[in-house]
Amino acid sequence: MAKPGRFMHWVPRILAIAFIIFLSLFSLDVISSELSFLQVLVGLLIHSIPSMIILVVLLVAWRDEVAGGIAFLLAGLLYVAIAIAGSSDVLAALSQCLIIAGPPFLIGALFLFNGLRKRRD
C-alpha cells in the first residue's frame, strides 16, 4: 500500500495534467475543412493559450507546491472574474464557471495542503 505522502504528491499533478488535456480538447473546435493549414495552425495555437498557461503553472507547482497552489487558485479566480465580467447574468456565469474554474481550485487546494504539510513535517 502506498504511503499517504506519495499519494498526495501525485494526485494534484495527475489532476493538473488531466485538466490540461481537457482544456486542450477545446482547441480542436478550430479544425475545419474550409480553413487552410496555416489558419488551422494559428487557431490551434491561439486556442491553446489557456492550456499553455496552466502548463506553466503546473511546472511552478512541481517545484514549489505552495507557490503553485496559490497560482492555481489565482488562475481559477481569474477565470471566474473574466466570466462574470463578460456576462449579464452573474448566477448563470458562476454556475458555468464551476466546470472550468472548479478543477484549478481543487488542484490548488491539494498542492497547498501537500506543500504546507511537507513544510510542517
Side-chain angles (χ1 to χ4, degrees):
M1 182 127 189
K3 295 189 307 189
R6 286 186 57 87
F7 179 77
M8 282 304 295
H9 175 81
W10 286 107
V11 167
R13 289 161 174 79
I14 293 169
L15 288 175
I17 292 168
F19 182 62
I20 292 168
I21 293 168
F22 173 71
L23 284 180
S24 298
L25 290 176
F26 291 110
S27 302
L28 299 177
D29 72 340
V30 76
I31 297 175
S32 170
S33 61
E34 298 153 2
L35 300 176
S36 70
F37 175 75
L38 186 59
Q39 289 172 321
V40 169
L41 186 62
V42 169
L44 282 172
L45 288 174
I46 290 172
H47 283 80
S48 296
I49 290 172
S51 299
M52 289 184 242
I53 291 170
I54 296 297
L55 179 61
V56 169
V57 172
L58 174 61
L59 293 175
V60 168
W62 212 288
R63 297 287 249 159
D64 183 357
E65 291 177 319
V66 173
I70 292 169
F72 267 105
L73 293 174
L74 290 175
L77 284 174
L78 177 65
Y79 180 79
V80 169
I82 291 170
I84 289 174
S87 175
S88 59
D89 186 2
V90 175
L91 289 178
L94 281 175
S95 66
Q96 293 168 0
C97 283
L98 289 177
I99 296 169
I100 301 296
F105 287 138
L106 174 64
I107 294 165
L110 289 171
F111 270 121
L112 269 176
F113 174 77
N114 196 39
L116 294 173
R117 185 186 55 80
K118 283 181 182 177
R119 288 184 182 180
R120 187 191 66 204
D121 291 342

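Just so it is clear, the model here is predicted, and its values are computed rather than measured.
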Item to check | Heavy-atom closest contact (Val57 atom, Ala71 atom, distance) | outcome: CG1-CB, 3.6 Å
Item to check | Smallest separation among heavy atoms of Gly69 and Phe111, with atom names | outcome: CA-CB, 3.7 Å
Checklist entry - Any idea which heavy atoms bring Ala83 and Ala93 closest together, and the distance? => result O-CB, 3.9 Å
Next on the checklist: I need the Ile46 CD1 to Leu41 CG distance, nearest 0.5 Å.
Outcome noted: 10.0 Å
Checklist outcome for this item: On a heavy-atom basis, the closest approach of Tyr79 and Ala101 is CD2-CB, 4.0 Å
Item to check | CZ/Phe113: more than 12 non-hydrogen atoms of other groups inside 6.0 Å | outcome: no
Checklist entry - Under the side chain to side chain contact (heavy atoms under 4.5 Å, CB included) criterion, do Asn114 and Arg117 qualify, and how do the steps go? => result CA-CA 5 Å; Asn114 196 39; Arg117 185 186 55 80; 2.5 Å; yes
Next on the checklist: For Ile99, I'd like to know if atom CD1 has over 12 heavy atoms of other residues, nucleotides or ligands within 6.0 Å.
Outcome noted: no
Checklist entry - How far apart are the C-alpha atoms of His47 and Phe26, what are their side-chain angles, what is the distance that settles it, and do they pass the side chain to side chain contact (heavy atoms under 4.5 Å, CB included) test? => result CA-CA 7 Å; His47 283 80; Phe26 291 110; over 6 Å; no
Next on the checklist: Show the nearest heavy-atom pair for residues Ile100 and Phe19, with the distance to one decimal.
Outcome noted: O-CZ, 3.3 Å
Item to check | Rounded distance (nearest 0.5 Å) linking atom CD1 of Ile54 with atom CZ of Phe22 | outcome: 12.5 Å
Checklist entry - Are the side chain of Ser48 and the backbone of Leu44 linked by a donor-acceptor contact shorter than 3.5 Å? => result yes
Checklist entry - How many angstroms lie between atom CD1 of Ile14 and atom CD1 of Ile107, to the nearest 0.5 angstrom? => result 11.0 Å
Checklist entry - Got a second to check how far Leu73's CG is from Leu106's CG, nearest 0.5 Å? => result 10.0 Å
Item to check | Audit row: Lys118, His9, side chain to side chain contact (heavy atoms under 4.5 Å, CB included) steps and yes/no | outcome: CA-CA 10 Å; Lys118 283 181 182 177; His9 175 81; 3.2 Å; yes
Checklist entry - Are Leu28 and Leu45 co-members of a hydrophobic cluster defined by side-chain heavy atoms under 4.5 Å apart? => result no
Next on the checklist: Once rounded to the nearest 0.5 Å, what's the spacing between atom CZ of Arg13 and atom CG of Leu58?
Outcome noted: 8.0 Å
Next on the checklist: Nearest 0.5 Å, please: how far is CG in Leu59 from CG in Asp64?
Outcome noted: 13.0 Å
Checklist entry - Do Val80 and Val90 share a hydrophobic cluster, counting only Ile, Leu, Val, Met, Phe, Trp and Tyr and linking them when any side-chain heavy atoms are less than 4.5 Å apart? => result yes
Next on the checklist: Is there a path of hydrophobic side-chain contacts, each under 4.5 Å between heavy atoms, that joins Val30 and Ile49?
Outcome noted: no
Item to check | Which atom of Leu112 lies closest to which atom of Val66, heavy atoms considered | outcome: CD2-O, 3.7 Å
